[in-house]
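Working notes for the structure below.
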Amino acid sequence: MIDNINRYIDHTLLKANAKKSDIINLCEEAKKYNFYAVCVNPCYVKLAKELLINTNIKVCTVIGFPLGQNTTSTKVFETQLAIKDGADEVDVVINVAKLLDNDLEFIESELNAIKLTLKSNVIMKVIIETSYLSKEDIYTISQICEKVGVDYIKTSTGFGTRGANIEDILNIKNAVKSEIKIKASGGIKTREQAEKLIEAGASRIGTSSGVKIVNKEN
């Protein structure tokens with residue numbers, strides 16, 4: 001059993017109907033359970049940063065979420081605004097269609113453009129949406145992420161056809177040689193799921209069920 005599982009968790013609320021009161025509650029839960037981060041939509045970054053001042057809890061937001069089909073310039077601008085509002089980490093959705101079309105130059109160029117906008121202390125995670133990818137696709141995008149020098153590869157938005165599984169984690173690990181980290185997300189609702197993904201190699205868990213996981217509720 002993983003004793004400090006709370007410190008693996010990005011306490012997440014990305015629903016379209018999440019209200020200000022819901023974000024306040026999310027941040028209060030994060031402080032109560034000492035989660036590693038909260039993950040909120042860009043419009044709530046400034047609020048979350050204010051609520052978590054004088055804590056060690058990071059504020060994470062999403063870029064190009066959930067489809068990844070925004071233009072590169074839009075993603076870059078969105079990233080710049082998120083950092084201005086106080087984001088410590090950004091989770092960037094790739095343009096999956098470009099990957100499936102084998103337009104690898106576009107993928108690499110877009111990730112580099114976003115990375116260039118980041119301050120040195122801002123963590124960049126890249127959401128590859130594994131539910132739409134073959135093993136070969138996962139290998140390819142993982143190698144691009146490694147080449148660009150991102151901090152994490154993240155499995156899923158939670159809006160795809162499925163979330164993270166152990167095979168995804170192992171496929172990513174097998175594709176990279178560096179110490180690039182992995183964030184498992186999507187459909188992680190129990191402590192058993194979270195622990196298995198961590199044991200497989202995930203360094204972070206993105207979930208809206210963080211409270212249930214730390215309290216061992218199934």
Side-chain angles (χ1 to χ4, degrees), residues 10 12-14 16 36-49 58-133 137-160 164 168 171-172 175-186 202-206:
D10 286 0
T12 301
L13 181 55
L14 297 169
Y36 190 90
V38 297
C39 187
V40 298
N41 279 307
C43 65
Y44 287 126
V45 168
K46 189 177 291 186
L47 173 63
K49 194 70 174 179
K58 305 298 184 183
V59 176
C60 173
T61 194
V62 286
I63 304 297
F65 193 85
L67 302 178
Q69 299 285 323
N70 315 60
T71 63
T72 297
S73 59
T74 300
K75 289 182 179 178
V76 167
F77 184 64
E78 192 175 15
T79 302
Q80 291 169 337
L81 287 180
I83 294 170
K84 182 179 178 181
D85 285 345
D88 302 296
E89 305 185 350
V90 292
D91 290 13
V92 181
V93 187
I94 67 163
N95 188 320
V96 175
K98 292 289 189 180
L99 176 62
L100 298 178
D101 281 337
N102 203 38
D103 192 348
L104 307 184
E105 184 176 342
F106 176 92
I107 297 288
E108 184 176 339
S109 175
E110 180 169 271
L111 293 180
N112 272 318
I114 294 168
K115 189 173 189 296
L116 284 172
T117 71
L118 300 179
K119 296 179 180 178
S120 60
N121 61 336
V122 176
I123 296 297
M124 181 177 176
K125 310 190 201 90
V126 174
I127 306 174
I128 64 174
E129 201 69 286
T130 54
S131 62
Y132 300 128
L133 306 182
D137 292 329
I138 292 173
Y139 183 89
T140 297
I141 186 59
S142 296
Q143 290 210 313
I144 292 173
C145 287
E146 184 174 39
K147 183 178 180 181
V148 171
V150 309
D151 299 289
Y152 282 80
I153 297 171
K154 179 178 173 181
T155 61
S156 322
T157 60
F159 288 75
D168 291 335
N171 285 338
I172 294 168
V176 297
K177 297 178 181 178
S178 66
E179 294 303 312
I180 195 167
K181 297 177 181 178
I182 301 170
K183 177 177 174 179
S185 62
S203 301
R204 201 85 68 84
I205 299 292

Pairing of D10 and K183 as salt bridge, 4.0 angstrom limit: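 So D10 pairs with K183 through a salt bridge.
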Carboxylate-amine/guanidinium proximity below 4.0 Å for K125 and E89: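 Yes.
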Pairing residues for F106 by the ring-ring contact (aromatic ring centres under 6.0 Å, His included) criterion, not counting sequence neighbours: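 Per chain and number, F106 pairs via ring-ring contact (aromatic ring centres under 6.0 Å, His included) with no residue.
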Step-by-step side chain to side chain donor-acceptor pair (under 3.5 Å) determination, N70 to E78: CA-CA 10 Å; N70 315 60; E78 192 175 15; 4.7 Å; no
Within 6.0 Å of NZ in K46, more than 12 heavy atoms from elsewhere: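 Check fails, neighbour count at 12 or below.
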Side chains of T117 and Q80, donor plus acceptor under 3.5 Å: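 On atom types as modelled, these side chains do not qualify, holding no pair under 3.5 Å.
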Polar contact flag, side-chain donor to acceptor under 3.5 angstrom, N95-Q69: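 Q69 and N95 do have a side-chain donor-acceptor pair below 3.5 Å.
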Distance in Å, Y36 OH paired with I205 CD1, rounded so as to fall on 0.5 Å steps: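 It is 14.0 Å, given to the nearest 0.5 Å.
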Atom pair CG (L104) and CG (L99), whose distance is rounded to the nearest 0.5 Å: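 The CG atom of L104 sits 6.5 Å away from the CG atom of L99.
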Partner residues of K58 under the salt bridge (charged side-chain N to carboxylate O under 4.0 Å, His left out) criterion, sequence neighbours left out: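 So K58 forms no salt bridge (charged side-chain N to carboxylate O under 4.0 Å, His left out) with any residue.
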Student check: side-chain heavy atoms of I128 and T155 closer than 4.5 Å: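 The answer is no, as the side chains (C-beta and beyond) never meet within the 4.5 Å cut-off.
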Candidate pair L14 and V62, rule side chain to side chain contact (heavy atoms under 4.5 Å, CB included), full reasoning: CA-CA 9 Å; L14 297 169; V62 286; 4.0 Å; yes
From V122, L118, T61, T74, residue fulfilling side-chain contact (heavy atoms from CB on, under 4.5 Å) relative to T79: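 The single option meeting the side-chain contact (heavy atoms from CB on, under 4.5 Å) with T79 is L118.
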